[in-house]
Amino acid sequence: MKNKLQKFGKTLSAMVMPNIGAFIAWGFITALFIATGWLPNEKLSQMVGPMLNYLLPILVAYQGGKIFGGDRGGVMGAIAVVGVIVGAPDYPMLMGAMIMGPLGGFIIKKFDKFMETRMPAGFEMLINNFSIGILGMILAILGYYLIGPFMAMILVVLTAGVDVLVKNGLLPLAAIFIEPAKVLFLNNAINHGIFTPIATMQATEAGKSIMYMLEANPGPGLGVLIAYWLFSKNKTTKDSAPGAIIIHFLGGIHEIYFPYVLMNPVIIIAPILGNVAAILFYSLTGAGLVGPASPGSIIAFLSMSPKGMGTVITLVGVLIAAGVSFVVASPIVKMAGDKSLEDAMAQKDAMKAEAKGIAPAPALATIADARLIVFACDAGMGSSAMGATKFRNRLNAVRPDIKVINTSVDNIPADCDIAVVQTILVDRAKNCCPRATVVEIGNFLADAALDNLYFQLATGDAPMMTIPEEEPSAPVQEGILKREGIRINQHAENKEDAIFLAGKALFELGYVEEEYIKLMIERERLVSTYMGMGLAIPHGTTHEEGIIKKTGIVVLQFPEGVSFGDEKAYLVVGIAGIGGEHIDVLAKVATALDNPEIIEKMKTTDDVEWIYNQLK
């Protein structure tokens with residue numbers, strides 16, 4: 001139950017937390033420029049309504065959609081929430097955004113999963129864009145007619161419930177749940193997932209809300225830390241308390257006092273009673289903040305107070321909470337034994353990780369153990385989408401258990417096992433997902449590293465070719481590709497014949513022993529060497545030393561095409577590789593694939609010299 005609550009609470013707070021800056025901006029504009037503000041300004045106050053009614057819900061919905069469906073889910077959520085906003089124009093739809101955002105992300109994620117094995121190559125961008133447009137429109141219409149009016153009713157009920165608690169003096173009892181929940185790292189979930197949406201609606205009507213004050217008050221934690229500073233028997237704990245006080249009270253990082261509670265769990269009574277006293281005082285005085293105080297610093301807490309006596313009342317409530325908490329905590333700290341703050345800190349870190357759903361994941365033992373492969377480019381829409389489609393279709397027959405997706409390089413999922421990225425993006429990929437194995441490539445459609453990866457995933461074997469850590473900058477060595485090795489107007493009945501011709505050319509030019517031809521055909525039977533765009537790159541399996549005499553490449557042109565499974569190859573590049581000497585030629589081939597005119601001409605031209613110049 002605790003794990004489920006933590007997961008749910010994390011989801012709620014995760015939609016609001018990244019947007020707290022926008023909430024604070026709205027709060028400052030409200031506090032300063034409305035008619036009862038510090039600097040009343042009729043023109044500037046016109047920003048309050050649009051920010052509350054449109055900006056904040058759209059930001060929250062985008063973040064919620066992104067959590068469930070990545071960048072595409074974020075766009076879906078933003079589209080969908082507009083229907084809810086327009087469908088319930090009299091209420092700020094922050095809670096509606098918390099429904100539409102995740103719903104939009106979930107729907108597009110399911111659609112993308114359905115299309116994984118059905119996506120026609122070359123149509124990725126068209127289908128991706130139109131799917132968001134159509135599904136987002138449908139969800140926005142649903143929000144307008146159903147979810148918007150329904151959420152308006154929910155908000156009316158919740159607000160009425162809060163009013164009943166305030167009028168009957170029961171709101172202080174909320175501290176009984178708030179303070180223990182904070183130590184369980186549900187603080188942001190409660191504050192920004194529940195209190196902030198309700199408080200925001202109240203603030204639009206009354207100009208302030210006590211709901212902003214329930215969790216963010218730094219007083220209860222301050223009292224606990226002062227008690228440890230003055231009365232702890234453990235020197236390390238006693239010496240650490242002053243620094244913790246500064247971080248907690250001025251910096252607003254309440255998590256700093258959680259280990260001090262975990263050392264002596266009974267001490268949780270102190271912040272509970274301190275917050276009960278403060279909430280009671282705020283209820284009696286009609287206090288409230290005009291916007292969320294985040295982080296829970298005394299600076300943020302006071303800056304969101306209403307003009308005039310509101311600031312004094314807010315400060316007095318903080319002092320009441322700190323005083324009561326200190327009085328209750330002091331005898332508990334005096335009676336406590338010499339417990340270790342380090343152990344409590346470790347317990348706090350473990351609980352925090354658990355609350356966030358984080359579990360340490362080991363690096364891959366072998367490439368074949370991978371379960372999630374991510375093709376990542378800068379934007380995550382064009383080249384990586386096509387590369388992922390090609391690789392997924394190619395891999396599905398032999399390893400259907402492996403999931404292949406694409407995304408932008410800055411949004412690689414944390415559970416990614418293998419990230420396939422272009423050379424220039426390697427550092428960004430490692431920073432985004434440090435546990436992943438990064439495969440560095442030059443081209444998403446035709447790259448020797450992808451062929452190596454495919455072979456390892458399919459067979460569990462070691463790489464067929466050694467890819468250097470850095471791509472060579474020197475020109476292709478003389479002799480690796482010869483004019484005699486470029487053979488045009490070839491004909492083959494099947495791929496075995498084509499591979500035989502490529503192997504024979506390698507043998508005739510002195511690159512390999514004749515036995516290597518058999519190894520090339522054997523390799524093809526394990527996994528296809530077809531790379532896409534009419535190109536196949538056959539080569540041998542692991543072999544004994546001496547079978548490859550020297551590195552060499554041959555290029556055979558088949559104008560009529562040769563069937564490689566469901567695709568036809570018009571260019572067959574035979575490889576005999578020692579080290580990474582042949583990589584420059586393969587990089588040239590990959591570059592040529594980016595230019596449709598060059599690759600099409602290469603498939604049919606009679607000009608051997610032209611082909612040689614493109615690849616040398």
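Not measured: the values here are computed from a predicted model.
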Heavy-atom donor-acceptor pair, Ser303 side chain to Ile299 backbone, under 3.5 Å: yes
Quick note, ring pair (Phe, Tyr, Trp, His ring centres under 6.0 Å) partners involving residues 16-44, not counting sequence neighbours, are none
For Ile176, the side chain to side chain contact (heavy atoms under 4.5 Å, CB included) test, sequence neighbours excluded, returns Leu173, Ile272
Asp90 meets the salt bridge (Lys or Arg N to Asp or Glu O under 4.0 Å) criterion, sequence neighbours left out, with none
Sorted by chain and number, sequence neighbours left out, side chain to side chain contact (heavy atoms under 4.5 Å, CB included) with Val439 holds for Ile418, Val420, Ile441, Ala449, Leu453
Those residues at least two apart in sequence (or on a different chain) that pass ring pair (Phe, Tyr, Trp, His ring centres under 6.0 Å) with Tyr257 are His248
Does Phe111 CZ have over 12 foreign heavy atoms under 6.0 Å away? yes
For Tyr228, the side chain to side chain donor-acceptor pair (under 3.5 Å) test, sequence neighbours excluded, returns Asn264
d(Leu225 CG, Leu230 CG) to nearest 0.5 Å is 11.0 Å
By side chain to side chain donor-acceptor pair (under 3.5 Å), Ser209 pairs with (sequence neighbours left out) Gln202
| said: Is the shortest side-chain heavy-atom distance between Arg72 and Val75 below 4.5 Å? | reply: no
Spell out, as yes or no, whether a donor-acceptor pair under 3.5 Å connects the side chain of Lys109 to the backbone of Gly70. no
Only residue of Ile320, Ile313, Val316 satisfying side chain to side chain contact (heavy atoms under 4.5 Å, CB included) with Tyr282 is Ile313
For atom OH of Tyr144, is the number of surrounding heavy atoms from other residues, nucleotides or ligands below 6.0 Å larger than 12?
no
- Can you tell if the side chain of Phe301 reaches within under 4.5 Å of the side chain of Leu315, non-hydrogen atoms only? no
Closest heavy-atom pair, Gly296 versus Pro218, reported as atoms and distance to 0.1 Å, is O-CB, 3.5 Å
Check: Lys334 side chain, Ser232 main-chain N or O, donor-acceptor pair, under 3.5 Å: no
The reported gap from CD1 in Ile107 to CG in Leu139 (rounded to nearest 0.5 angstrom) is 4.5 Å
(message) Contact between Ile373 and Asp417 at the side-chain level, heavy atoms closer than 4.5 Å - yes or no?
(response) no
- Message: Could you check whether any side-chain heavy atom of Tyr260 comes within less than 4.5 Å of a side-chain heavy atom of Ile267, counting everything from C-beta outward?
- Response: no
For Ala227, the side chain to side chain contact (heavy atoms under 4.5 Å, CB included) test, sequence neighbours excluded, returns Phe326, Ala329, Ser330, Val333
*Quick one: are Val421 and Val438 in side-chain contact, heavy atoms under 4.5 Å?*
yes
Taking every heavy atom of Ile279 against every heavy atom of Ile210, the minimum-distance pair comes out as O-CD1, 4.2 Å
Those residues at least two apart in sequence (or on a different chain) that pass side chain to side chain donor-acceptor pair (under 3.5 Å) with Asn217 are none
With sequence neighbours left out, the residues meeting salt bridge (Lys or Arg N to Asp or Glu O under 4.0 Å) with Asp239 are Lys235
(message) Tell me whether Ser240 contacts the main-chain N or O of Thr237 through its side chain, where contact means a donor paired with an acceptor under 3.5 Å.
(response) yes
*Atom CZ of Phe150 with >12 non-hydrogen neighbours under 6.0 angstrom*: no
- Beyond-backbone contact of Ile108 with Phe68, side-chain heavy atoms, under 4.5 angstrom: no
Residues at least two apart in sequence or cross-chain that pass side chain to side chain contact (heavy atoms under 4.5 Å, CB included) with Leu59, listed by chain then number, are Asn19, Ala22, Leu55
> Heavy-atom distance under 4.5 Å between the side chains of Leu214 and Leu171, does that happen here?
Replying inline: yes
| query | Is there a side-chain contact between Asn275 and Glu215 (heavy atoms, below 4.5 Å)? | reply | no
List the atom pairs, with distances to 0.1 Å, where a side-chain N or O of residues 96-105 and a protein N or O form a donor-acceptor pair under 3.5 Å, not counting sequence neighbours.
none

CD1 (Ile332) and CD1 (Ile269) are apart, to the nearest 0.5 Å, by 5.5 Å
Does atom NZ of Lys238 have more than 12 heavy-atom neighbours from other groups under 6.0 Å away? yes
Examine distances only and state if a side-chain atom of Ser325 and a backbone atom of Pro220 form a donor-acceptor pair shorter than 3.5 Å. yes
